[in-house]
Amino acid sequence: MRGRGAARLAAVTLVSGLVAAGVLAGGATASADETAQNQGGATATIGGLKTYGDAVIHDEAGDLTVSAGLFEMSVEGGGTLQTYCVDLHNPTQRDAKYHETPWSGTSLAANKDAGKIRWILQNSYPQVNDLAALAAAAGVNGGLTEQDAAAGTQVAIWRYSDGAAVDAVDPQAERLADYLHKSARNLAEPVASLTLDPPAVSGHPGELLGPVTVHTNAAGVTLTPPADAATSGVRIVGKDGKVITSAVDGSELFIDVPEDAPDGSAELTVQASTTVPVGRALTSESRSQTQILAGSSESTVSATAGATWAAEGAIPALSAAKNCAEGGLDITAANVGDEVFAFELMGTEHSIPAGESRTVTIPLQEDQAYDFTITGPGGLEKRFTGVLDCRTEGSAAGDATQTLSEPSPATVGGTSTDVNLAETGGSNATPMIAGTAIALVVIGGTALVLVGRKKAPAQD
């Protein structure tokens, strides 16, 4: 609200389980720009296990035989990814959509052995597709089949990703798993295939908004200007102010807004074709088990940056990212305006003075889906959706801390019938995540918060 030097958070809605929410409180009539908390890169749909063998998980409940091996994903825009699971006890949702994600947004954030998983990926199948050489390195007599290699690699990964007591059923696969487990050493997290930094900018009409820097392993990227660029006059330019349609790693992009433009916002999209680096994590918005990249064909990758402009008042640039170290969602607001940008969230008021940037961490529970919409000047409505998936079942130390008021039981979503248990590193004994919900009043007493909560796993 420019008149009082503040823009308010319009609505906060969190949903549980597999239920998608699209309700915006506060009487908003315009559709909000929806932003999943991926940082750019590949977006792909999982197809299922393609190359695998059997493994046995040992725990207090007894031994459980599961399938272990390589998944395949189809990339939006073209390409194929091969992945292993790093989330053993959670199911894979059939046809779930995945996004390339930094380790900080996954269970790998708190895993001191995450770098060893990357070493395993780089030194085993399919990166090492000479199975005779792999067998010789691992001391496997009799050689390895593709199924042995995939199963042994997955078992070694699970020992580090989930801390699981797990063995491969096939002796050759088990010998490979032992070799990889004992030989692994920590490597650094791989860089993203494509990101834009920062993911949001703001400013005044007549200015060059930016810079937005391209980071990519591709030879080059193509730029897509805002959808209404022809009528709004908004252009994508370089440092010299000239219109550009392509860029390379390190390029600085600017959004050129006409001086007479009304308050508004726009998005810039960049796209490239490249191979996704081995070791990149992939997460789903539908609570499907986290994956880690083992191989990539030439694939389409993309990233988007938002821009907001106004003549006066608060002018926020809004972005969000999962923060598994803190167990929540970081919402960053950079205010380049001449008035305070303020909002109240979960009973706490946050103010970003003119010319400053601050990050607010919203505490969430494990497996909790969220749906936030924040409004700003010029009709800006920025919507952030996703699911917080920061722990494997094996790494959870009891129930998640309840950061909000205690809930009243209410079933949300029921049991999904679209779970591929045979292709998940789980079985029909894998627990399904159910939901409960609570309502609490935030921001002026009108917004509803529904909080997903993990139940204790049921044992068959």
Side-chain angles (χ1 to χ4, degrees), residues 35-52 68-111 114-115 117-118 120-122 126-127 150 153-154 157-158 160-162 187 189-195 216-218 272 274-304 321-322 324 367 369 385-392 420 423-426:
T35 305
Q37 274 60 74
N38 59 301
Q39 304 296 306
T43 296
T45 300
I46 197 162
L49 275 172
K50 298 300 181 182
T51 308
Y52 59 94
L70 272 173
F71 290 84
E72 280 192 7
M73 295 188 184
S74 299
V75 179
E76 285 188 3
T80 302
L81 306 180
Q82 293 175 299
T83 63
Y84 288 106
C85 159
V86 288
D87 198 3
L88 173 58
H89 293 285
N90 287 312
T92 301
Q93 306 298 331
R94 184 180 298 120
D95 298 326
K97 182 179 289 187
Y98 281 76
H99 302 285
E100 188 178 338
T101 304
W103 287 1
S104 60
T106 73
S107 60
L108 298 175
N111 189 334
I117 297 172
R118 187 185 180 196
I120 291 170
L121 294 166
Q122 290 187 331
Q127 288 301 303
T153 305
Q154 177 65 93
I157 289 171
W158 277 336
Y160 283 124
S161 66
D162 293 71
L187 299 180
E189 178 180 0
V191 297
S193 59
L194 175 61
T195 58
T216 183
N217 66 345
T274 187
T275 55
V276 182
V278 170
R280 289 295 289 171
L282 294 112
T283 59
S284 172
E285 297 171 35
S286 60
R287 197 58 189 94
S288 187
Q289 65 182 190
T290 304
Q291 304 281 312
I292 194 163
L293 190 83
S296 169
S297 71
E298 191 77 7
S299 298
T300 300
V301 296
S302 63
T304 300
K322 294 176 185 176
C324 284
D367 301 326
T385 64
V387 175
L388 189 73
D389 184 8
C390 289
R391 292 198 303 263
T392 63
N420 191 349
E423 297 181 347
T424 176

Q: From the options Leu81, Val75, Thr275, Thr80, select the one residue that forms a side chain to side chain contact (heavy atoms under 4.5 Å, CB included) with Ser297.
A: Thr80

If the condition is salt bridge (charged side-chain N to carboxylate O under 4.0 Å, His left out), which residues does [X] pass it with, not counting sequence neighbours?
X: Arg118; value: none
X: Glu76; value: Lys97
X: Glu72; value: none

Could you check if a side-chain atom of [X] sits within less than 4.5 angstrom of a side-chain atom of [Y], using non-hydrogen atoms only?
X: Ile120; Y: Thr153; result: yes
X: Arg280; Y: Glu189; result: yes
X: Tyr98; Y: Thr83; result: no
X: Thr283; Y: Val387; result: no
X: Gln82; Y: Lys50; result: no
X: Ile117; Y: Tyr84; result: no
X: Val86; Y: Thr392; result: no
X: Leu108; Y: Ile292; result: yes

Q | For Ser284, side chain to side chain donor-acceptor pair (under 3.5 Å) partners two or more places apart | A | Ser286

Q) By side chain to side chain donor-acceptor pair (under 3.5 Å), which residues pair with Ser193, not counting sequence neighbours? A) Glu100

Q: Check side chain to side chain contact (heavy atoms under 4.5 Å, CB included) between Ala303 and all other residues, then give those that pass, not counting sequence neighbours.
A: Leu194, Leu196, Val270

Q) Can Asp389 and Thr290 be counted as having a side-chain donor-acceptor contact under 3.5 angstrom? A) yes

Q | Backbone of Ser288 reached by a side-chain donor or acceptor of Gln93 within 3.5 Å | A | no

